[in-house]
Amino acid sequence: MKRAGECKGGDQTLRVGLFGGSFNPIHMGHLRAAEEVREAQGLDRILFIPAALPPHKRGHQLATPQQRLEMVRLAVAGNPFFRASDIELRRGGRSYSIDTLRELRQRFPRWQLYFILGTDAFSEIHTWKEFESLFELAHFVVVSRPGTPVVPLPRLLPVVTRRAFWYAANGLELIHRSGHRVIFQPVTGFDVSATAIRRKLQHGHSIRYLVPASVGRYIDRHQIYRRRSGAS
Ligand code: ATP
């Protein structure tokens, strides 16, 4: 069966970025951060992976998984390095990164995986399922995010896992005993969040230039996020 996003090049040695999120909706902050990580880390590809049921986002006003995937597809169209992946939607239920990493490692053992996330998400990693095992499976690239304080990387690491790491000489990296790295990467600050976008839509305000035009049109057409007046 054909799977969206991942398949091509599955047997090659590739450096593959994984950018997970609820993408409710995907916005320019996500896309620019991914572009800068791709360039800086020399990645061959980045998979954008919408969560089916994001474990940390219960109660948020959520578009359907298919709508969020479709918006990701529209957003990445035209960038040859970016792909939308439906791996978590296919699995269904709550989406845990550990399950996604294990599945990708098993299916594509030759890929080097780089898990991309913002400092806000990384500072909560101790709440993720089997978080200590995550570092056995992938490198982590932690990107700066406006509104989130810049804390030295070692202090962002959960205390219980610190003994599994040592510092790289440049101070911007930690090296896990598995050989995987945790890299801090400052990126151009886009002070935008999906929450702020949903709020604007609820109030009938424009979201132009905060999301790709194709995503704005999709939201408009499908009347997602209880948009009340035409302003995208
Ligand atoms: P919400 O406002 O609904 O919580 P969000 O804007 O934080 O959503 P998510 O889909 O939850 O978006 O984020 C997925 C990943 O993208 C997370 O790792 C998050 O830290 C990162 N991220 C989101 N927005 C930005 C941004 N503006 N700059 C850098 N990273 C971001």
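One-based numbering, in listed order, for ligands and for the atoms of each.
Each of the atoms 1 (P), 2 (O), 3 (O), 4 (O) of ligand 1 lies under 4.0 Å from some heavy atom of Thr195. Below 4.0 Å from some heavy atom of Ala194 lie the following atoms of ligand 1, by number and element: 1 (P), 2 (O), 3 (O), 5 (P), 6 (O), 8 (O). Per-residue contacts place Phe23 under 4.0 angstrom from the following atoms of ligand 1 (heavy atoms of the residue considered): 10 (O). Within ligand 1, the atoms closer than 4.0 Å to a non-hydrogen atom of Phe19 are 15 (C), 16 (O), numbered from 1 in the order shown. The ligand atoms of ligand 1 that sit less than 4.0 angstrom from a heavy atom of Leu117 are 18 (O).
Using 4.0 Å as the threshold, Phe122 has no heavy atom nearer than that to any atom of ligand 1. At a 4.0 Å cut-off, at least one heavy atom of Arg198 sits close enough to ligand 1 to count as contact. The shell of residues lying under 4.0 angstrom from ligand 1, judged by heavy atoms, excludes Arg32. Within the 4.0 Å heavy-atom cutoff, Ser144 counts among the residues contacting ligand 1. In this structure, Gly20 is part of the shell of residues with a heavy atom less than 4.0 angstrom from ligand 1. Ligand 1 is approached by Asp120 to a heavy-atom distance shorter than 4.0 Å.
Ring geometry, Phe140 versus Phe135: the interplanar angle falls from 30° to 60°, so the pair is classed tilted.
When Glu36, Arg199, Arg145, Arg68 are checked for heavy-atom proximity to atom 7 (O) of ligand 1, Arg145 turns out nearest. Counting only non-hydrogen atoms, the option in Gly21, Gly118, Ala51 that gets closest to atom 18 (O) of ligand 1 is Gly118.
At least one N/O-N/O distance between Phe190 and ligand 1 falls below 3.5 Å. Of the N or O atoms in Ala33, none lie within a sub-3.5 Å distance of an N or O in ligand 1. Ligand 1 has an N or O atom lying under 3.5 Å from an N or O atom of His27, backbone or side chain. For ligand 1, the polar-atom distance check finds no N/O of Val187 at less than 3.5 Å from any of the ligand's N/O atoms.
Look at Arg145 and Asp191 and you find no salt bridge, because none of the NZ, NE, NH1 or NH2 atoms lies under 4.0 Å from a carboxylate O.
Listed by chain and number, the residues in a side chain to side chain contact (heavy atoms under 4.5 Å, CB included) with Ser97 are Phe115, Trp128, Leu134 (sequence neighbours excluded).
For the pair Thr161 (side chain) and Glu132 (backbone), a donor-acceptor distance under 3.5 Å is absent. Looking only at distances, a side-chain donor or acceptor of Asp44 sits under 3.5 Å from a matching main-chain atom of Arg15. Between the His27 side chain and the Gly29 main chain, a donor and an acceptor come within less than 3.5 Å of each other. Listed for the Thr148 side chain is no donor-acceptor partner under 3.5 Å among the backbone atoms of Thr119.
Geometrically, Arg38 engages Phe81 in a cation-pi contact defined by less than 6.0 Å to the ring centre and at most 45° from the axis.
More than 12 heavy atoms of other shown residues, nucleotides or ligands fall within 6.0 angstrom of atom CZ in Arg162.
The side chain to side chain donor-acceptor pair (under 3.5 Å) analysis of residues 176-190, with sequence neighbours excluded, yields the pairs Glu36-Thr188, Gln41-Gln185, Glu173-Arg181, His176-Ser178, Ser178-His180.
For the pair Gln67 and Tyr218, the minimum side-chain heavy-atom distance is below 4.5 Å.
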